[in-house]
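Here's the structure we're looking at; comments come further down.
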Amino acid sequence: MSHNYATPLTPEKRLARVLSRIPAPWGISIERLPGAPDTECWHARLDVPGQPPQDWTAPAPTMVEALEQAWRQARTLLA
């Protein structure tokens with residue numbers, strides 16, 4: 001019988017994981033949208049040196065989800 005001791009990622013672990021993937025020279029912008037409903041109140045973007053400014057992500061319910069969306073948008077620039 002196998003044993004699986006894996007635990008789900010906490011928001012803190014998710015944040016640490018995505019921050020570790022973003023290169024140090026890149027700028028990170030995260031904003032909480034004023035007056036937005038709690039279900040969609042964060043958006044983010046990454047500023048990559050030598051590239052035009054990235055668009056803000058769609059509103060997300062958590063800061064971590066918004067940052068993950070921004071990472072998915074920008075990681076194509078690494079290829």
Side-chain angles (χ1 to χ4, degrees):
M1 182 168 111
S2 66
H3 298 282
N4 184 356
Y5 294 106
T7 57
L9 287 177
T10 63
E12 293 83 8
K13 288 180 182 178
R14 284 175 66 191
L15 181 60
R17 181 184 66 190
V18 72
L19 287 174
S20 71
R21 293 178 178 176
I22 299 171
W26 292 18
I28 300 172
S29 300
I30 303 170
E31 289 186 357
R32 187 170 194 166
L33 300 169
D38 289 341
T39 57
E40 295 182 354
C41 60
W42 295 93
H43 67 167
R45 73 177 180 188
L46 298 177
D47 298 317
V48 182
Q51 299 290 327
Q54 184 182 13
D55 291 334
W56 287 97
T57 61
T62 66
M63 180 181 65
V64 173
E65 288 180 35
L67 190 55
E68 287 173 336
Q69 285 179 32
W71 167 245
R72 284 191 295 273
Q73 287 177 4
R75 72 179 172 192
T76 58
L77 300 173
L78 291 175

Are Trp42 and Ile28 connected in the hydrophobic side-chain network, where two residues link if heavy atoms are under 4.5 Å apart?
yes
Arg21 to Trp71 - nearest heavy-atom pair and separation
O-CH2, 3.4 Å
Between Ile30 and Met63, which heavy-atom pair has the shortest distance, and what is it?
CG2-CG, 3.5 Å
Only counting residues at least two apart or in another chain, list the ones meeting salt bridge (Lys or Arg N to Asp or Glu O under 4.0 Å) with Glu68.
Arg14, Arg17
Minimal non-hydrogen separation, Pro25 against Pro49, with atom names:
O-CG, 3.5 Å
Do the side chains of Leu9 and Val64 join up, straight or via other hydrophobic residues, at under 4.5 Å, putting them in one cluster?
no
Do you reckon Val48 sits in the same ILVMFWY cluster as Trp56, going by side-chain contacts under 4.5 Å, direct or chained?
no
In short, Pro61 meets Cys41 closest at the heavy-atom pair O-SG, 4.2 Å
Contact between Leu46 and Leu67 at the side-chain level, heavy atoms closer than 4.5 Å - yes or no?
yes
Can you find a heavy atom in the side chain of Leu33 that is under 4.5 Å from one in the side chain of Pro59?
yes
Do the side chain of Gln54 and the main chain of Arg45 share a donor and acceptor less than 3.5 angstrom apart?
no
Check Ala70 against Thr57 and note the closest heavy-atom contact, atom names and distance.
N-CG2, 3.4 Å
State, to 0.1 Å, how close His43 and Ala58 come at their nearest heavy-atom pair, and which atoms those are.
CB-O, 4.3 Å
